Amino acid sequence: MNYTYIVKCCDGSLYTGWTNDLEKRIANHNSGKGAKYTRSRLPVELVYYETFSSKEEAMERERIIKRLKRGEKIQLLNSFS
């Protein structure tokens, strides 16, 4: 399984990524081994994810979400909860 996810950083910012092991990826972010962006914004909290059968689908969805404005991302998060 492949995932596109959004984490909320301690400063309130949002980070979007993709992975094939969601639990491990969030643990990596919180241990400082994740993306450079999140290293100085720990801890992070998983607030959204989608599942995909292929890596390519997850990566494409990541690209789409990263192009959204913050308000649009918040709307996406609200629809998830």
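All values reported here derive from a predicted model rather than from experimental measurement.
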Chemist: Which atom names give the shortest non-hydrogen contact between Glu62 and Thr16, and what distance separates them?
Modeler: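 Minimum heavy-atom separation between Glu62 and Thr16: OE2-O, 3.6 Å.
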
Chemist: Under 3.5 Å, is there a donor-acceptor pair between the Ser13 and Asp11 side chains?
Modeler: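 Yes, side-chain donor-acceptor contact under 3.5 Å.
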
Chemist: Answer yes if the side chains of Glu57 and Ser53 hold a donor-acceptor pair under 3.5 Å, and no otherwise.
Modeler: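 The criterion, which ignores hydrogens and geometry beyond distance, is satisfied for Ser53 and Glu57.
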
Chemist: Within this structure, what is the OG1-OH distance for the pair Thr51 and Tyr3, rounded to the nearest 0.5 Å?
Modeler: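 Taking OG1 in Thr51 and OH in Tyr3, the distance rounds to 7.0 Å.
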
Chemist: CD1 of Ile64 to NZ of Lys66: how many Å apart, nearest 0.5 Å?
Modeler: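 Atom-to-atom, Ile64:CD1 and Lys66:NZ are 13.0 Å apart.
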
Chemist: Could you tell me whether Tyr5 and His29 have their ring centroids closer than 6.0 angstrom?
Modeler: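 Between Tyr5 and His29, the centre distance is under 6.0 Å.
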
Chemist: Test the Arg39-Tyr37 pair against the cation-pi criterion, namely NZ or CZ under 6.0 angstrom from the six-membered ring centroid and within 45° of the ring axis.
Modeler: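 Ring-cation test returns no.
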
Chemist: Is any NZ, NE, NH1 or NH2 atom of the basic residue among Arg63 and Glu60 found under 4.0 Å from an Asp or Glu carboxylate oxygen of the other?
Modeler: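 Yes, charged N to carboxylate O under 4.0 Å.
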
Chemist: Examine Val47 and Ile65 and state if one hydrophobic cluster contains both, with Ile, Leu, Val, Met, Phe, Trp and Tyr joined whenever side-chain heavy atoms are less than 4.5 Å apart.
Modeler: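 Yes, same cluster.
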
Chemist: I need the Leu77 CG to Lys8 NZ distance, nearest 0.5 Å.
Modeler: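 Between atom CG of Leu77 and atom NZ of Lys8 there are 9.0 Å.
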
Chemist: Does NZ in Lys73 sit with more than 12 non-hydrogen atoms of other residues, nucleotides or ligands closer than 6.0 Å?
Modeler: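 Result for NZ/Lys73: enclosed.
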
Chemist: Measuring from atom CG of Asn28 to atom OG1 of Thr19, what distance do you get when rounded to the nearest 0.5 angstrom?
Modeler: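 Result: 8.0 Å between the selected atoms.
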
Chemist: Between atom CG of Leu42 and atom CG of Asn30, what is the distance when rounded to the nearest 0.5 Å?
Modeler: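 Those atoms lie 6.0 Å apart.
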
Chemist: Kindly check if the number of other-residue, nucleotide or ligand heavy atoms within 6.0 Å of CZ (Phe52) is above 12?
Modeler: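 For Phe52, atom CZ is crowded (more than 12 foreign heavy atoms under 6.0 Å).
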
